[in-house]
Novice: 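Have a look at this one before I ask anything.
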Amino acid sequence: MLRNGLEPWHLLIVALVVVVLFGSKKLPDTARALGRSMRILKSEAKAMKDDAGEPVSS
């Protein structure tokens with residue numbers, strides 16, 4: 001039934017549905033907020049990784 005998973009035209013349909021649901025005026029703001037969130041997540045993950053590498057002094 002789902003031999004190829006997502007094909008390019010599936011992604012086109014999903015993009016079209018997103019534009020219809022959210023409107024073209026809100027998409028740049030949403031993308032900007034998503035980018036900020038990804039940057040914060042990346043920096044927090046790096047900070048946790050750096051903290052885990054340091055020895056704990058007692």
Novice: Can you list, pair by pair, the side-chain donor-acceptor contacts under 3.5 Å of residues 8-22, counting residues two or more places apart and other chains?
Specialist:
| from | atom 1 | to | atom 2 | distance (Å) |
| --- | --- | --- | --- | --- |
| W9 | NE1 | E7 | OE1 | 2.8 |
| H10 | ND1 | E7 | N | 2.9 |

Novice: Taking only residues two or more places apart in sequence, or in another chain, which ones meet R32 in a side-chain contact (heavy atoms from CB on, under 4.5 Å)?
Specialist: P28, D29, R36

Novice: Table please: side-chain donor-acceptor pairs of residues 38-47 below 3.5 Å, with sequence neighbours left out.
Specialist:
| from | atom 1 | to | atom 2 | distance (Å) |
| --- | --- | --- | --- | --- |
| S43 | OG | R39 | O | 3.4 |
| S43 | OG | I40 | O | 2.9 |

